Amino acid sequence: MAVFETVAVAFWAMLPAYVPNNAAVLAGGGRPIDGGREWNGRRILGDGKTWRGTAVGTLAGAVLALVLNAVGGDVGAALGVSLPEFPVPVVLALPFGAMLGDILASFLKRRTGRERGAAFPGVDQLDFVVVSLALAAAVAPGWFREVFLWDVLFVVLVITPILHVATNAIAYTLGLKDEPW
Ligand code: CTP
Ligand code: MG
């Protein structure tokens with residue numbers, strides 16, 4: 001695969017996993033998932049993981065995947081690349097996996113004594129990709145192997161932290177997020 005196509009496929013395939021976290025930041029608030037409960041004197045997840053943020057984030061990613069499916073043929077033709085189509089299970093697995101990865105990261109943050117909003121370098125940038133990809137691979141193994149060739153996976157692991165840092169810096173600058181990570 002040409003480099004441009006590899007990057008285009010990686011970015012396209014991951015968009016439904018990139019959007020949920022940002023949508024959750026915009027939609028967050030309301031009841032925390034852990035209901036305020038603690039474990040060993042620390043919150044299980046913390047106030048930063050809410051039902052509303054998780055639901056809206058997942059929905060936003062799923063709707064985006066459907067939109068990408070609708071326009072993928074035209075966009076691919078315009079770019080001269082073949083873009084992947086998301087099967088129905090993947091439409092849900094990518095965004096839900098992204099939210100779940102972020103929730104698991106908060107669980108680990110609380111267990112390691114990090115307060116809400118504390119940075120956890122490495123985990124903050126990749127948690128959502130790893131779980132998102134794992135869930136997509138679980139629900140659609142054939143599709144996953146076809147789309148996520150090694151070079152595509154490599155590009156995903158390189159561009160994701162960059163995009164994550166950049167979008168969070170923007171959200172912070174716009175006053176949407178309390179910390180720039
Ligand atoms: N958010 C949410 N539900 C989620 C994820 C995020 O409501 N499942 C919202 C919350 O308002 C959260 C904001 O998005 O404060 C930023 O998300 P994130 O940085 O992941 O949470 P933090 O508040 O930094 O908390 P943590 O330390 O647990 O990551
Ligand atoms: Mg945070």
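All values reported here derive from a predicted model rather than from experimental measurement. One-based numbering, in listed order, for ligands and for the atoms of each. Residue numbers run from 1 in the order of the sequence given.
Under a 4.0 Å criterion applied to the non-hydrogen atoms of D102, ligand 1 contributes the atoms 5 (C), 20 (O). Under a 4.0 Å criterion applied to the non-hydrogen atoms of S106, ligand 1 contributes the atoms 26 (P), 28 (O), 29 (O). Here is the list of ligand 1 atoms found below 4.0 Å of a heavy atom in K109: 26 (P), 27 (O), 29 (O). Of all the atoms in ligand 1, the ones that sit under 4.0 Å from a non-hydrogen atom of R110 are 26 (P), 27 (O), 28 (O). Each of the atoms 19 (O) of ligand 1 lies under 4.0 Å from some heavy atom of K177.
Of the protein's heavy atoms, K49 NZ, 3.6 Å lies nearest to atom 18 (P) of ligand 1.
By heavy-atom distance, the residue among V25, V56, T54 lying nearest atom 8 (N) of ligand 1 is T54. The option from L108, T50, N168 that lies nearest to atom 3 (N) of ligand 1, judged by heavy atoms, is T50. For atom 6 (C) of ligand 1, the nearest non-hydrogen atom from the set G48, A119, A118 comes from G48.
Applying the salt bridge (charged side-chain N to carboxylate O under 4.0 Å, His left out) criterion to R111, with sequence neighbours excluded, gives no partner residue.
Neither the backbone nor the side chain of R52 has a heavy atom within less than 4.0 Å of ligand 1.
Note on V152 and W150: same hydrophobic cluster, where clusters join Ile, Leu, Val, Met, Phe, Trp and Tyr whose side-chain heavy atoms are under 4.5 Å apart, directly or indirectly. The hydrophobic clustering, which links ILVMFWY residues whose side-chain heavy atoms are closer than 4.5 Å, places F128 and L104 apart.
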Can you list, pair by pair, the side-chain donor-acceptor contacts under 3.5 Å of residues 9-21, counting residues two or more places apart and other chains?
| residue | atom | partner | partner atom | Å |
| --- | --- | --- | --- | --- |
| W12 | NE1 | P84 | O | 3.4 |
| Y18 | OH | T160 | OG1 | 2.7 |

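Between D34 and R110 there is no salt bridge, since no side-chain N of the basic residue sits under 4.0 Å from a carboxylate O of the acidic one.
At most 12 non-hydrogen atoms from other residues, nucleotides or ligands lie less than 6.0 angstrom from OH of Y172.
The closest approach between a heavy atom of G117 and any atom of ligand 1 is below 4.0 Å.
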